[in-house]
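Written out below as structure tokens is the structure these notes cover.
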Protein chains: 2
Amino acid sequence: MELEQAKQRLAESVSRKEMSMIIGTCYVEYWGRAASKLAKGKRMVLIKGDHSVSIHQNKLVRPVNYMMNADIYCEIENETLILHANKKKPKETLKIIFYKIDGLHAYEIEENADLRLFGSERELSKELMQDLSFIEPGLKPVNQEIPFRKGIVDILAEDQEGNLVVIEVKRRKADFNSVTQLERYMKQVEKIKGKKTRGMLLAPSIQKSALELLEQAGLEFAKFEFEIGNPKATIKGIQKKQKLLNEFF
Amino acid sequence: MELEQAKQRLAESVSRKEMSMIIGTCYVEYWGRAASKLAKGKRMVLIKGDHSVSIHQNKLVRPVNYMMNADIYCEIENETLILHANKKKPKETLKIIFYKIDGLHAYEIEENADLRLFGSERELSKELMQDLSFIEPGLKPVNQEIPFRKGIVDILAEDQEGNLVVIEVKRRKADFNSVTQLERYMKQVEKIKGKKTRGMLLAPSIQKSALELLEQAGLEFAKFEFEIGNPKATIKGIQKKQKLLNEFF
DNA sequence: GCTGGGAGAGGCTTA
DNA sequence: TAAGCCTTTCCCAGC
């Protein structure tokens with residue numbers, strides 16, 4: 001395809017906010033939050049209606065280079081088509097030099113309905129709130145997602161003895177980070193409320209070393225199973241930590 | 001475009017490991033690590049040579065649905081073209097139902113040279129190792145990236161008094177996680193070596209609340225600037241924590 | 001295969 | 001805008 005012709009069509013489709021795909025041999029330079037160079041090779045460059053640009057190799061889901069919401073323009077130079085994508089704040093530049101263009105396709109694509117996702121952490125958290133007595137008899141919700149200065153408490157509850165219980169929910173295997181997060185929240189709640197507070201991590205499983213850390217910190221772990229269905233995820237069962245540690249891995 | 005024709009061409013290009021782009025009106029269902037539904041709408045489905053599938057709306061860099069390394073096959077049913085992408089371990093299914101196909105493009109794209117990236121954390125860490133006296137007179141490297149049971153120590157050094165210094169390098173603004181990570185490493189080294197150990201966080205900046213946490217934990221912070229150039233990133237300067245906290249944000 | 005951790009993380013929500 | 005955090009994170013390297 002003629003570079004000049006490609007340049008014209010590209011400029012048009014970008015201004016019309018179409019989705020454009022350019023397939024060709026290119027060399028890429030990025031400079032911004034890091035710097036990178038991509039040797040000459042055949043790739044697909046995807047430009048979307050919000051002016052995001054991404055460069056795809058023929059493997060992996062993620063683009064090898066990209067820029068969100070860029071200022072896009074192109075020029076012909078030395079028998080190459082140069083596509084510039086720039087951004088201020090943070091300052092970033094992406095330069096794609098096309099030596100040969102094998103194809104250019106542009107489509108008008110309207111705004112789409114958004115994805116409906118089931119089984120997110122937030123949803124599971126809500127679901128759990130329905131009945132905390134599953135976890136422990138007499139456990140009652142106090143408030144959900146109370147914003148503190150540092151992060152958010154997933155669930156705040158009160159146990160039979162009137163102690164506060166900070167519950168952190170994870171939709172997947174809990175790790176170090178989960179434990180330290182819970183510890184931070186728990187200590188903060190304890191400090192603010194001036195009242196004995198327990199910290200409980202609720203997850204489908206936990207990494208062995210994270211469990212050790214959790215126990216050292218005097219926190220609790222409970223395992224729960226959930227099923228992701230339609231229209232929502234449902235909690236299948238909760239099992240508090242028992243003697244057999246093996247069960248948790 | 002005829003659905004039957006599209007089916008044939010798609011099957012061919014998938015088996016040839018070409019990069020394929022299908023533009024059309026589709027409805028999408030995903031079930032696996034979570035579950036999601038995407039209402040009927042016009043999108044671009046990208047299939048790569050490694051059999052990754054991703055569904056792109058006309059905005060944002062990331063695909064709205066995707067699957068890595070899938071088993072792909074398609075069928076015609078009720079005047080729709082159904083594209084199935086399945087995966088075992090973890091079990092996942094992605095079902096894309098096309099009602100209308102506006103375009104199908106396939107290109108043979110060879111394996112490409114990989115990206116050369118400058119300014120990664122690892123590179124900065126190496127760069128810093130060249131001369132630790134920048135940070136503090138008499139500071140000497142002991143070993144880099146010593147693997148412990150839990151994570152990796154970026155830099156292990158020894159100060160003028162013979163104390164061990166665990167240095168954690170972050171290429172961007174340090175946060176809670178950075179601090180807790182450093183604290184873990186530091187304590188572990190202290191325990192293993194049985195020797196007074198300092199913990200130092202080295203980053204371009206740090207979040208205010210993370211700095212508070214760091215100070216409470218008796219750790220140190222030093223700010224460093226770097227320039228990402230070609231062929232490598234270079235350290236511009238290091239400034240240890242001073243009286244004026246403001247300077248660190 | 002699991003685990004740990006970085007990433008130009010991306011992207012969302014709320015203060 | 002910044003902070004905080006979830007993600008079907010993705011992806012890689014090490015064991």
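Reminder, nothing fancy here: chain letters follow the sequence lines and each chain counts from 1. Just so you know, these numbers come straight off a predicted model, no measurement behind them.
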Worksheet item: Within the modelled atom types, does a donor on one side and an acceptor on the other bring the side chain of A/Glu92 and the base of C/dG8 under 3.5 Å apart?
Response: yes
Fill in: Base of C/dG8 and ring of A/Tyr66 stacked, centres under 5.5 Å, planes under 30°
yes
Practice prompt. Examine D/dA3: is either OP1 or OP2 under 4.0 Å from a nitrogen or oxygen in the side chain of B/Ser209? Give yes or no.
Written response: no
Worksheet item: Excluding sequence neighbours, so at least two apart, what forms side-chain hydrogen bond (donor to acceptor under 3.5 Å, both in side chains) with B/Asp50?
Response: B/Ser52
Worksheet item: Can you list every pair that meets ring-ring contact (aromatic ring centres under 6.0 Å, His included) and has a residue in residues 29-50 of chain A, with sequence neighbours left out?
Response: none
Item to complete: Under the salt bridge (Lys or Arg N to Asp or Glu O under 4.0 Å) rule, collect the residues that match up with B/Arg33, sequence neighbours excluded.
Response: B/Glu92
Worksheet item: Tell me the salt bridge (charged side-chain N to carboxylate O under 4.0 Å, His left out) pairs involving residues 18-28 of chain A, sequence neighbours left out?
Response: A/Arg16-A/Glu18
Fill in: Phosphate OP1/OP2 of C/dT3: any A/Lys173 side-chain N/O under 4.0 Å
yes
Discussion item. Looking at C/dG5, I'd like to know if its phosphate oxygens (OP1 or OP2) sit under 4.0 Å from a side-chain N or O belonging to B/Arg184.
Written reply: yes
Practice prompt. Return the residues of residues 34-65 of chain A meeting this criterion: a heavy atom under 4.0 Å from some atom of DNA chain D. Order them by number, or give none.
Written response: A/Leu60, A/Val61, A/Arg62
Item to complete: Check whether NZ of the Lys or CZ of the Arg B/Arg171 lies under 6.0 Å from the centre of the six-membered ring of B/Phe226 and within 45 degrees of that ring's axis.
Response: no
Worksheet, complete the sentence: Closest to the side chain of A/Glu168, out of C/dA9, D/dC6, D/dC5, is D/dC6
Worksheet item: By a strict heavy-atom criterion of less than 4.0 Å, which residues belonging to residues 23-33 of chain B are in contact with DNA chain D?
Response: B/Tyr30, B/Arg33
Fill in: Side-chain N,O (B/Gln207) to OP1/OP2 (D/dA2) below 4.0 Å
no
Practice prompt. Check the surroundings of atom NZ in B/Lys95: do more than 12 heavy atoms from other residues, nucleotides or ligands lie under 6.0 Å from it?
Written response: no
Worksheet item: Does A/Arg122 have a side-chain nitrogen or oxygen under 4.0 Å from the phosphate oxygens OP1 or OP2 of C/dT13?
Response: no
Worksheet item: Is any side-chain nitrogen or oxygen of A/Gln181 closer than 4.0 Å to OP1 or OP2 of D/dC6?
Response: yes
Worksheet entry | Side-chain N or O of B/Arg172 closer than 4.0 Å to phosphate OP1/OP2 of C/dA9 | yes
Discussion item. If the cut-off is 4.0 Å, is A/Lys208 near the phosphate of C/dC2, judged by side-chain N/O to OP1 or OP2?
Written reply: no
Worksheet item: Does B/Tyr185 place a side-chain N or O at less than 4.0 Å from the phosphate oxygens OP1/OP2 of C/dG5?
Response: yes
